[in-house]
Amino acid sequence: MSKIRVVILTGHSLFADGAASRMRQHARDVEIRVIDPATGDVLHMLREFKPAAAILDAQDPELRKSLPIQDLLRTVPDLRVILLDSQQEDLQILTGEYRRAGKMEDLLDLILESKDDHRVNG
(Lines give C-alpha, C1' and ligand atoms only; values in the text may rest on other atoms or scores of the structure.)
Protein backbone atom coordinates (compact mmCIF):
# COMPACT_ATOMS: atom_id res chain seq x y z
CA MET A 1 0.00 0.00 0.00
CA SER A 2 1.51 3.31 -1.05
CA LYS A 3 1.43 6.36 1.16
CA ILE A 4 -0.02 9.72 0.19
CA ARG A 5 2.61 12.43 0.28
CA VAL A 6 1.68 15.64 2.08
CA VAL A 7 3.81 18.71 2.60
CA ILE A 8 3.15 21.27 5.30
CA LEU A 9 4.58 24.67 4.42
CA THR A 10 5.18 26.66 7.56
CA GLY A 11 7.49 29.10 9.24
CA HIS A 12 6.86 26.85 12.24
CA SER A 13 3.67 28.37 13.53
CA LEU A 14 2.18 26.46 16.44
CA PHE A 15 -0.93 25.79 14.39
CA ALA A 16 0.95 24.24 11.47
CA ASP A 17 3.22 22.28 13.78
CA GLY A 18 0.12 20.91 15.51
CA ALA A 19 -1.33 19.88 12.15
CA ALA A 20 1.93 18.09 11.30
CA SER A 21 1.88 16.27 14.62
CA ARG A 22 -1.70 15.09 14.08
CA MET A 23 -0.93 13.97 10.51
CA ARG A 24 2.05 11.93 11.75
CA GLN A 25 -0.38 9.85 13.81
CA HIS A 26 -1.49 8.43 10.44
CA ALA A 27 2.01 7.49 9.30
CA ARG A 28 0.77 4.20 7.86
CA ASP A 29 -1.23 6.10 5.22
CA VAL A 30 0.51 9.46 4.92
CA GLU A 31 4.11 10.56 4.38
CA ILE A 32 4.56 14.04 5.86
CA ARG A 33 7.28 16.53 5.09
CA VAL A 34 7.42 19.93 6.83
CA ILE A 35 9.18 22.64 4.86
CA ASP A 36 10.00 26.13 6.03
CA PRO A 37 9.78 28.35 2.92
CA ALA A 38 12.68 30.45 4.21
CA THR A 39 15.11 27.52 3.98
CA GLY A 40 15.97 27.21 0.34
CA ASP A 41 14.40 26.36 -2.98
CA VAL A 42 10.94 25.20 -1.91
CA LEU A 43 9.70 24.72 -5.47
CA HIS A 44 12.61 22.38 -6.21
CA MET A 45 11.85 20.42 -3.02
CA LEU A 46 8.21 20.11 -4.10
CA ARG A 47 9.20 18.92 -7.57
CA GLU A 48 11.35 16.21 -5.98
CA PHE A 49 8.86 15.14 -3.27
CA LYS A 50 5.79 15.24 -5.57
CA PRO A 51 3.15 15.70 -2.85
CA ALA A 52 -0.55 15.12 -3.42
CA ALA A 53 -1.40 17.95 -1.04
CA ALA A 54 0.20 21.02 0.49
CA ILE A 55 -1.13 22.40 3.75
CA LEU A 56 -0.66 26.10 4.52
CA ASP A 57 -1.66 28.20 7.51
CA ALA A 58 -4.20 30.70 6.11
CA GLN A 59 -3.34 33.14 8.91
CA ASP A 60 0.33 33.41 7.84
CA PRO A 61 0.50 36.37 5.41
CA GLU A 62 4.30 36.12 5.05
CA LEU A 63 3.99 32.56 3.78
CA ARG A 64 1.49 33.56 1.10
CA LYS A 65 3.73 36.46 0.00
CA SER A 66 6.95 34.46 -0.15
CA LEU A 67 5.37 31.46 -1.86
CA PRO A 68 2.43 32.38 -4.12
CA ILE A 69 -0.15 29.65 -4.55
CA GLN A 70 0.01 29.95 -8.33
CA ASP A 71 3.71 28.98 -8.15
CA LEU A 72 2.81 25.90 -6.10
CA LEU A 73 0.14 24.84 -8.59
CA ARG A 74 2.42 25.46 -11.55
CA THR A 75 5.23 23.40 -9.98
CA VAL A 76 3.01 20.44 -9.04
CA PRO A 77 -0.01 20.66 -11.38
CA ASP A 78 -2.17 18.05 -9.60
CA LEU A 79 -1.43 19.49 -6.17
CA ARG A 80 -4.28 20.20 -3.77
CA VAL A 81 -3.46 23.30 -1.74
CA ILE A 82 -5.29 23.24 1.58
CA LEU A 83 -5.54 26.48 3.54
CA LEU A 84 -6.21 25.84 7.21
CA ASP A 85 -7.62 28.71 9.23
CA SER A 86 -7.01 28.51 12.97
CA GLN A 87 -9.59 31.26 13.56
CA GLN A 88 -12.43 29.26 12.03
CA GLU A 89 -13.37 25.64 11.59
CA ASP A 90 -13.02 26.00 7.83
CA LEU A 91 -10.52 24.92 5.29
CA GLN A 92 -10.22 26.01 1.72
CA ILE A 93 -9.06 23.64 -1.00
CA LEU A 94 -7.49 25.01 -4.15
CA THR A 95 -6.59 22.81 -7.08
CA GLY A 96 -4.78 23.55 -10.28
CA GLU A 97 -6.08 22.74 -13.70
CA TYR A 98 -4.43 24.08 -16.80
CA ARG A 99 -6.10 24.39 -20.19
CA ARG A 100 -5.15 26.08 -23.41
CA ALA A 101 -7.34 29.10 -24.12
CA GLY A 102 -6.57 30.82 -27.38
CA LYS A 103 -9.81 32.77 -27.67
CA MET A 104 -12.26 34.51 -25.36
CA GLU A 105 -14.80 31.81 -26.28
CA ASP A 106 -12.51 29.22 -24.64
CA LEU A 107 -12.70 31.16 -21.38
CA LEU A 108 -16.47 31.50 -21.68
CA ASP A 109 -16.82 27.74 -22.34
CA LEU A 110 -14.81 27.02 -19.21
CA ILE A 111 -17.02 29.28 -17.10
CA LEU A 112 -20.19 27.73 -18.50
CA GLU A 113 -18.92 24.24 -17.59
CA SER A 114 -19.15 25.17 -13.91
CA LYS A 115 -20.62 22.34 -11.84
CA ASP A 116 -22.62 24.63 -9.60
CA ASP A 117 -25.50 26.63 -10.98
CA HIS A 118 -24.61 30.26 -10.34
CA ARG A 119 -27.05 31.73 -12.83
CA VAL A 120 -29.06 34.82 -11.94
CA ASN A 121 -32.74 34.82 -12.83
CA GLY A 122 -33.87 37.78 -14.83
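Partners of R33 under the salt bridge (charged side-chain N to carboxylate O under 4.0 Å, His left out) rule, at least two apart in sequence or in another chain, do not exist in this structure.
A 4.5 Å side-chain heavy-atom check between R24 and V34 finds at least one atom pair inside the cut-off. With a 4.5 Å cut-off on side-chain heavy atoms, L72 and L56 count as touching. Inter-residue side-chain proximity for T10 and I35 is flagged as unmet; no heavy-atom pair is nearer than 4.5 Å. Residues L73 and V81 meet the side-chain proximity criterion, which asks for heavy atoms closer than 4.5 Å.
Taking each heavy atom of A20 and I8 in turn, the nearest pair found is CA-CD1, 3.3 Å. Annotation for M23 and I55: closest pair CE-CD1, 4.4 Å, computed over non-hydrogen atoms.
Note that CG of L79 and CZ of R5 are 13.0 Å apart. Values are rounded to the nearest 0.5 Å.
In this structure, K3 contributes its side chain and R28 its backbone to no donor-acceptor pair below 3.5 Å.
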So L67 and L9, side-chain contact (heavy atoms from CB on, under 4.5 Å) or not? Walk me through it.
CA-CA 9 Å; L67 194 58; L9 299 168; 3.6 Å; yes
Report, one line per pair, each donor and acceptor closer than 3.5 Å where one atom sits in a side chain of residues 40-53; sequence neighbours left out.
unit_1 : atom_1 : unit_2 : atom_2 : d
D41    : OD1    : L43    : N      : 3.4
D41    : OD1    : H44    : N      : 3.2

